[in-house]
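Data first, discussion second: the structure below is written as structure tokens.
Residues: numbered from 1 along the sequence shown. Side chains are part of it too, since the values below use all heavy atoms of this structure and drop only hydrogens, waters and symmetry mates.
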Amino acid sequence: METTVESPLQEKIEKALDKIRPYLEADGGNVRVLEIVDGHTLRLELIGACSSCSMSAMTFRGGIEETILREVPEITKVEAINM
């Protein structure tokens, strides 16, 4: 069952991503929140240089995913749709 991101949760997610975005943007990339599925899985899209970078998997796991899981405990899984 798919749902859109709720406003208070969206704010927490965006706040967490704002901690990482300067590093992504420095390399010409970014990340966009798409939806939350099954209540606890966040789906993201890597955009710009991040969508085609050979290091995107490492950036995703060690940076984006780790930050989201630490900062937003309601989220239990993070997926990138284009990785």
Side-chain angles (χ1 to χ4, degrees):
M1 180 174 178
E2 294 186 12
T3 61
T4 57
V5 179
E6 299 171 10
S7 185
L9 192 53
Q10 173 79 31
E11 289 177 26
K12 288 177 78 172
I13 291 166
E14 291 294 338
K15 207 175 209 183
L17 288 173
D18 285 345
K19 294 181 177 186
I20 288 222
R21 280 197 168 108
Y23 304 105
L24 302 174
E25 291 169 345
D27 289 329
N30 208 333
V31 62
R32 177 176 34 224
V33 174
L34 296 177
E35 62 188 349
I36 295 177
V37 294
D38 298 328
H40 303 287
T41 301
L42 175 64
R43 297 185 79 206
L44 303 172
E45 179 181 20
L46 300 174
I47 54 178
C50 289
S51 65
S52 61
C53 177
S54 63
M55 299 299 287
S56 63
M58 189 166 73
T59 300
F60 176 76
R61 295 278 179 238
I64 298 169
E65 180 182 47
E66 183 179 306
T67 300
I68 293 291
L69 295 177
R70 181 181 63 242
E71 301 287 326
V72 189
E74 297 90 339
I75 300 298
T76 57
K77 185 175 180 184
V78 182
E79 298 176 345
I81 64 151
N82 58 338
M83 212 174 61

In Å, rounded to the nearest 0.5 Å, how long is the span from [atom1] of [X] to [atom2] of [Y]?
X	Y	atom1	atom2	answer
I81	E45	CD1	CD	4.5 Å
E65	L42	CD	CG	10.0 Å
N82	R43	CG	CZ	10.0 Å
E79	L34	CD	CG	10.5 Å
R21	I64	CZ	CD1	9.0 Å
L17	Q10	CG	CD	9.0 Å

Closest non-hydrogen atom pair, [X] against [Y]:
X	Y	value
C50	S56	O-CB, 3.3 Å
E74	K12	OE2-NZ, 2.7 Å
A49	D27	CB-O, 3.2 Å

Within the structure provided, determine whether L44 and V33 are in side-chain contact (heavy-atom separation under 4.5 Å).
yes
The residue among L46, V31, I47 that forms side chain to side chain contact (heavy atoms under 4.5 Å, CB included) with L24 is V31
